[in-house]
2 protein chains.
Amino acid sequence: MASIKDVAAEAGVSVATVSRVLNDHPSVSADARTRVLAAVETLGYRPNAVARSLRTDQTHTLGLVISDVMNPYFTELARSVEEEARALGYSVIIGNADERPDLQDHHVRTLLDRRIDGLLVSPTDGGSPLMLDAARAGTPMVFVDRWIPGVDVPVVRADGRSAVRDLVAHLHRLGHRRLAIIAGPAATTTGRERVEVFREALGAYGLELPDAYIGQGDFQAESGRLVTEGFLDLADPPEVVFAADNLMALGALDAVRARGLRVPDDLALAAFDDIRWFVHTDPPITAIAQPTGELGRAAVRALVDRIEGRPGESVTLPARLVVRRSCGENSTPVQRSTT
Amino acid sequence: MASIKDVAAEAGVSVATVSRVLNDHPSVSADARTRVLAAVETLGYRPNAVARSLRTDQTHTLGLVISDVMNPYFTELARSVEEEARALGYSVIIGNADERPDLQDHHVRTLLDRRIDGLLVSPTDGGSPLMLDAARAGTPMVFVDRWIPGVDVPVVRADGRSAVRDLVAHLHRLGHRRLAIIAGPAATTTGRERVEVFREALGAYGLELPDAYIGQGDFQAESGRLVTEGFLDLADPPEVVFAADNLMALGALDAVRARGLRVPDDLALAAFDDIRWFVHTDPPITAIAQPTGELGRAAVRALVDRIEGRPGESVTLPARLVVRRSCGENSTPVQRSTT
DNA sequence: CCCGTCGATGTAATCGATTCCACGAGCACC
DNA sequence: GGTGCTCGTGGAATCGATTACATCGACGGG
């Protein structure tokens, strides 16, 4: 592979001049410039990004450590992150933590070793020393979707409070009174928060959220299945299950189906995170939709702001309720899905 | 960020010795080794992968250029690729081409600029000069899922021939005679091949595949919807639509639903690529399942073989039919889904 | 006792870029 | 005509690692 030296030789100039042409520095003669460009062309030269990064201490690369790529919500997030980053001249390296703190750490470490310019994280846990140290040491960093309290890092996320209130109103209107939730891991903000918001919304209708109706999931489908099995085995099973993410809703669907029961007649179902497939499941699933693409883009903008020395602020965007048929038929739709 | 020099100073040795300890070279005294390791610990030193790559001309990184991350099939592929690569000591940088040749080229270019050790590609088109040149120049490369004919690069893919035969047998047994296909782009091997295989299988039952029953899609949901609309508008519409990938099947579902029709009564549906959601759609969708995880792993192994100087061979694995209810009820299942 | 070998270590070149500094030519101004 | 600028250019240092080569001391064999 041709190097800058080869180009310099071919063009009959020094490497300094070649570098100037490539970085369009003003003081290069028109003659030298054309000769260099010709040499670049004939040699098929492309600058070595590794060498450049070593010298400039910039990689123009962002790291994205995501909880679970197989979760469509995060897939979409990753996609929007890459798009916005590309528009701003950055590449993205994605690390999939698979909801495992050790894998998360592995990815943070290799990304840091590669000297990425900034890190976008959706933390799987409360934060390893590695990550906290990196944040403290000033590595540009932004949390997206989930965050770690007490760490001075901008957070870009959706606020589901009002959408969950709308959901509970919807469920109450349909006559449901025994409402259960499949929660995410307590180590994550979204795992805890969604339970609290749900409990609060229930309170507004004079309803309780008993411990038996709080199932502990891990944001993966299998846990949703198990928790739902547990709910169905209760002496007094819930009428509705609210899954704190889309995969656990899928697991809940599996559990209901395995028993030969029907949604919503035997058990109503709602989920946090809206995804395309929810329109086509049997029945279509009522969900709380996050502005996923907007979150990804805002997170990248905040991170790049930090990297380039600007403030870089937290952003919170509202989620909204999308009513479908999984909680009962006779609803007055709060809002129709347009997808 | 501490460099190897700082460690050397802290430990009271030369940088050479530090480097030897880090790469566990045999001739280092036990004393020096412990002093260096202590220094590494106190400084929190991590070697700079950029500098190391420049010197060794290896990045221990693979590039994966994929047609569309939002397609669950490719998401799963990406995931298995990353897993296997990690097990072999490599990182993966994913580039999402979104079925756009220009984006594909963009990613190939930046990956090459970063001097990745090898490239895994699922080409969106017949191959740009850039990619062909890279292959010819000896960049370790492997095609996965799709490939470019006439290029000397190993191919890792699934063979759907026998599964498609099983599918057609299944459809024929259910009494369907007018079978249509939503094809992928002719610029891709899978786009062309699936049509041919389907036509061949129909031939075995004395059935034809008229041009009117070949819809041109682009592997994205929207095209599946449009093509299906077209089919439904025909004077003599097909009884079955076979979508060449899962997203176009989703689009077909949209089209059927928009007209208030039912699957399979008004139109039967089958798809290439099996995904989790197909179990829960209304109705569950009959599909041809690829051994996706195995493909990803095999592709990585072939690529790493090439990188490390071993042969690196093509692999073809069989796909299999998974019968569900989207083509009709009274089937004798060829194979049950276990998902 | 001397020489060859081996083990531990340091010095310095190297990878491919960027960039500071010096230098010479050309030009304008006084 | 000399002085001082600007402009274009090249030499060389630099980024942080790896590694060939040189060096030096200890040790064993003849």
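Naming: A, B, ... by sequence-line order, numbering from 1 per chain.
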Is it the case that over 12 heavy atoms from other parts of the model lie below 6.0 angstrom from the [atom1] atom of [X]?
| X | atom1 | answer |
| --- | --- | --- |
| A/N23 | CG | yes |
| B/D152 | CG | no |
| B/E313 | CD | no |

Whether the side chain of [X] engages the backbone of [Y] through a donor-acceptor N/O pair (distance < 3.5 Å, no angle test) should be reported.
| X | Y | answer |
| --- | --- | --- |
| B/R157 | B/V315 | no |
| B/S122 | B/S67 | no |
| A/R35 | A/A11 | yes |

Can you list every side-chain hydrogen bond (donor to acceptor under 3.5 Å, both in side chains) pair that touches residues 128-140 of chain B, not counting sequence neighbours?
B/D105-B/S128, B/D133-B/R136

Those residues at least two apart in sequence (or on a different chain) that pass salt bridge (charged side-chain N to carboxylate O under 4.0 Å, His left out) with B/D305 are B/R310

For B/R100, enumerate each residue passing the salt bridge (charged side-chain N to carboxylate O under 4.0 Å, His left out) test, keeping only those at least two apart in sequence or located in another chain.
B/D102

Integer-rounded Å distance: C/dA17 C1' and A/H25 NE2:
16 Å

Could you give the CE-to-C1' distance, from A/M1 to C/dA17, as a whole number of Å?
15 Å

Determine, stepwise, if the pair B/R52 / B/N48 fulfils side chain to side chain contact (heavy atoms under 4.5 Å, CB included).
CA-CA 6 Å; B/R52 191 202 294 259; B/N48 183 327; over 6 Å; no

Angle between the end axes of the helix from C/dC1-D/dG30 to C/dC30-D/dG1, five pairs per end, to the nearest 10 degrees?
60°

Look at B/E82 together with B/R79 and state whether they make a salt bridge at an N to O cut-off of under 4.0 Å.
no

Among residues 27-44 of chain A, which ones have heavy-atom contacts with DNA chain D below 4.0 Å?
A/S27, A/V28, A/S29, A/A32

Below 4.0 angstrom, which residues in residues 14-24 of chain A have at least one non-hydrogen atom near DNA chain D?
A/S14, A/A16, A/T17, A/R20

Does anything in residues 85-118 of chain B pair up under ring-ring contact (aromatic ring centres under 6.0 Å, His included), and if so which pairs, sequence neighbours excluded?
B/H60-B/Y90

Who pairs with B/S314 by side-chain contact (heavy atoms from CB on, under 4.5 Å), at least two apart in sequence or on another chain?
B/P154, B/V155

Please identify each residue that fulfils side-chain contact (heavy atoms from CB on, under 4.5 Å) with B/V15, with sequence neighbours left out.
B/I4, B/K5, B/A8

Which donor-acceptor pairs under 3.5 Å do side chains of residues 68-77 of chain A form with protein atoms, sequence neighbours excluded?
from  : atom 1 : to     : atom 2 : distance (Å)
A/D68 : OD1    : A/M70  : N      : 3.0
A/N71 : OD1    : A/Y73  : N      : 3.0
A/N71 : OD1    : A/N246 : ND2    : 2.8
A/N71 : ND2    : A/D245 : OD2    : 3.3
A/Y73 : OH     : A/D145 : OD1    : 3.1
A/Y73 : OH     : A/Q290 : OE1    : 3.1
A/T75 : OG1    : A/V69  : O      : 2.6
A/T75 : OG1    : A/N71  : O      : 3.1

Please list, in 5' to 3' order, the outermost nucleotides of DNA chain D lying under 4.0 Å from any heavy atom of chain A.
D/dG8 to D/dG16

What residues 49-59 of chain B contributes to the DNA chain C interface at heavy-atom separation below 4.0 Å is B/L54, B/R55

On DNA chain D, more 5' by nearest nucleotide between B/P47 and A/P26 is A/P26

